[in-house]
Amino acid sequence: MTKRRLTPAEIEYNETRTNVLKRVDSSYVADAPFVFSNRIAVTAALSRMELFKKVLDVPGAIVECGVYKGNSLMLYMHLSMILEPYAINRSIIGFDTFEGFTSIDKNEDPSDINENMFSDTDESLIQDMINANDLVRPVNRIPRCELVKGDIVKTVPEFVKTRPDLVVAMLILDTDLYAPTKVALETFLPYMPKGAIVVLDEVAYRNFPGETSALREVFDLNKIELKRLPFDSSVGYFHI
Ligand SMILES: C[S@@+](CC[C@H](N)C(=O)[O-])C[C@H]1O[C@@H](n2cnc3c(N)ncnc32)[C@H](O)[C@@H]1O
């Protein structure tokens with residue numbers, strides 16, 4: 001594991017941004033998000049747009065395992081509303097505890113993480129914005145985006161039993177942890193047609209090795225064409 005630390009320049013950047021943010025209210029930030037976004041946030045948005053384009057011609061759900069504050073999930077909802085507004089066979093499904101890390105594996109996950117990480121989120125806020133976007137999108141009588149709350153180790157195997165229509169076009173694995181990644185891979189794989197993609201947010205990343213361990217246990221790495229996006233330091237993906 002490498003040390004998680006900020007450089008003096010990053011600390012100064014963060015302090016400046018915090019001070020600038022104190023000068024404006026939340027609607028100012030919402031109207032001009034890129035003024036306040038850092039490089040990592042803009043890179044993440046660009047990655048998601050590239051990945052979304054890869055499944056535009058694959059019907060089925062975009063499943064995100066690990067939603068946190070919903071930034072990525074809601075970007076996928078926007079992309080779907082903009083690029084494929086009438087795609088009634090596209091759903092965007094986000095799974096999260098909305099209470100942080102609940103399934104840390106002492107052998108597979110890092111020792112310097114704890115259950116409170118990523119617990120600073122509000123599922124109702126994301127749901128309210130899904131509902132608000134539903135007001136203004138075409139064919140809004142058919143749901144496009146949904147949240148499933150709870151530990152993926154339990155919720156994902158239960159969810160697939162309730163959805164005979166399920167096809168997964170894109171499986172995004174972004175819990176950072178071993179156990180939920182493994183369960184999500186094993187459970188959703190039978191629902192993924194050829195051409196669908198699996199995305200891992202932290203692949204081959206030594207500070208969070210759990211996603212990679214789970215990937216190696218489910219797939220023979222010699223048999224998948226694991227790729228990176230050239231501008232993104234941690235995302236990996238492969239086609240089924
Ligand atoms: C890195 S964040 C996800 C970030 C999000 N995909 C984005 O791009 O904004 C990891 C999330 O995984 C969730 N998580 C971790 N383990 C989980 C589990 N076993 N079940 C459900 N959610 C889990 C955490 O609650 C956290 O919100």
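To the nearest 0.5 Å, atom CD1 of residue Ile240 and atom CE of residue Met192 are 5.0 Å apart. Atom CZ of Phe238 sits about 10.0 Å away from atom CD1 of Ile197, to the nearest 0.5 Å. Here the CD atom belonging to Glu202 is positioned 13.0 Å from the CG atom belonging to Leu215, to the nearest 0.5 angstrom. For the atom pair Lys53 NZ and Glu50 CD, the distance stands at 4.0 Å (nearest 0.5 Å). A distance of 10.0 Å separates CZ of Arg48 from CG of Leu229, quoted to the nearest 0.5 Å. For the atom pair Leu177 CG and Cys65 SG, the distance stands at 12.0 Å (nearest 0.5 Å).
For the pair Thr43 (side chain) and Asp232 (backbone), a donor-acceptor distance under 3.5 Å is absent. For Glu158 (side chain) and Thr155 (main-chain N/O), no donor-acceptor pair under 3.5 Å exists by modelled atom type. Under a 3.5 Å cut-off, the side chain of Arg90 and the backbone N or O of Ala169 do not form any donor-acceptor pair. A donor-acceptor pair under 3.5 Å is formed between the side chain of Thr162 and the backbone N or O of Phe159. Panel note: side chain Arg17, backbone Phe36; a donor-acceptor pair is recorded below 3.5 Å.
Under a hydrophobic clustering in which Ile, Leu, Val, Met, Phe, Trp and Tyr are joined whenever their side-chain heavy atoms come within less than 4.5 Å, directly or via other members, Tyr178 and Val156 fall into different clusters. Val58 is connected to Phe52 through a chain of hydrophobic side-chain contacts under 4.5 Å among Ile, Leu, Val, Met, Phe, Trp and Tyr, so both are in one cluster. Residues Leu166 and Ile92 are members of separate hydrophobic clusters, defined by side-chain heavy-atom contacts under 4.5 angstrom among Ile, Leu, Val, Met, Phe, Trp and Tyr. The hydrophobic cluster containing Ile62 also contains Val199, counting ILVMFWY residues as joined when their side-chain heavy atoms lie under 4.5 angstrom apart, directly or transitively. In the hydrophobic clustering of this structure, Ile142 does not group with Ile130; members are Ile, Leu, Val, Met, Phe, Trp, Tyr whose side-chain heavy atoms approach within less than 4.5 Å, directly or through other members.
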Side chain to side chain contact (heavy atoms under 4.5 Å, CB included) between Tyr237 and Leu51, intermediate numbers included: CA-CA 9 Å; Tyr237 71 95; Leu51 294 165; 4.0 Å; yes

Could you walk me through whether Asn14 and Leu6 pass the side chain to side chain contact (heavy atoms under 4.5 Å, CB included) check? CA-CA 10 Å; Asn14 287 343; Leu6 296 176; 3.7 Å; yes

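Heavy atoms of other residues, nucleotides or ligands lying less than 6.0 angstrom from CD of Glu12 number 12 at most. Counting non-hydrogen atoms of neighbouring residues, nucleotides and ligands closer than 6.0 angstrom, the CG atom of Asn71 reaches no more than 12 such neighbours. With a 6.0 Å radius and a threshold of 12 heavy atoms from other residues, nucleotides or ligands, Tyr28 has its OH atom at or below the threshold. With a 6.0 Å radius and a threshold of 12 heavy atoms from other residues, nucleotides or ligands, Ile88 has its CD1 atom at or below the threshold.
Salt bridge Arg163/Glu146: present, at least one basic N to carboxylate O contact under 4.0 Å. The pair Asp120-Lys69 meets the salt-bridge criterion, with a side-chain N (NZ, NE, NH1 or NH2) lying under 4.0 Å from an Asp/Glu carboxylate O. Between Arg137 and Asp134 a salt bridge is recorded (basic side-chain N to carboxylate O distance below 4.0 Å). By the 4.0 Å N-to-carboxylate-O rule, Glu99 lies close enough to Lys149 to be salt-bridged with it.
Ser119 has its side chain out of reach of Phe101: every pair of non-hydrogen atoms, C-beta onward, lies at least 4.5 Å apart. The closest side-chain heavy-atom distance from Val148 to Ile93 is below 4.5 Å. Side-chain contact between Glu211 and Asp176: present, with at least one pair of heavy atoms (C-beta onward) separated by less than 4.5 Å. Using a 4.5 Å heavy-atom threshold, the side chains of Val63 and Tyr191 count as separate. Put simply, the side chain of Asp109 does not reach to within 4.5 Å of the side chain of Phe208, judged on heavy atoms. Within the 4.5 Å cutoff, the side chain of Met49 has no heavy atoms near those of the Tyr76 side chain. Counting heavy atoms from C-beta outward, Leu147 and Asp96 have side chains that stay 4.5 Å or more apart. In this structure the side chain of Gln127 never reaches within 4.5 angstrom of the side chain of Met129, judged on heavy atoms.
Heavy atoms only, all atoms of each residue included: Pro157 and Thr187 are closest at CA-CG2, 3.9 Å. Closest approach of Ile152 to Pro180, counting heavy atoms only: CG2-O, 3.6 Å. Counting all heavy atoms, side chain and backbone alike, Pro193 lies closest to Val167 at CD-CG1, 3.8 Å.
Neither side chain, Arg144 nor Ser91, offers a donor N or O lying under 3.5 Å from an acceptor on the other. Defined by atom type and a distance below 3.5 Å, a donor-acceptor pair is present between the side-chain atoms of Ser72 and Glu64. Side-chain N/O atoms of Thr97 and Asp151 include no donor and acceptor closer than 3.5 Å.
Taking the six-membered ring wherever Trp is involved, the centroid distance between the rings of Tyr68 and Phe98 does not fall below 6.0 Å.
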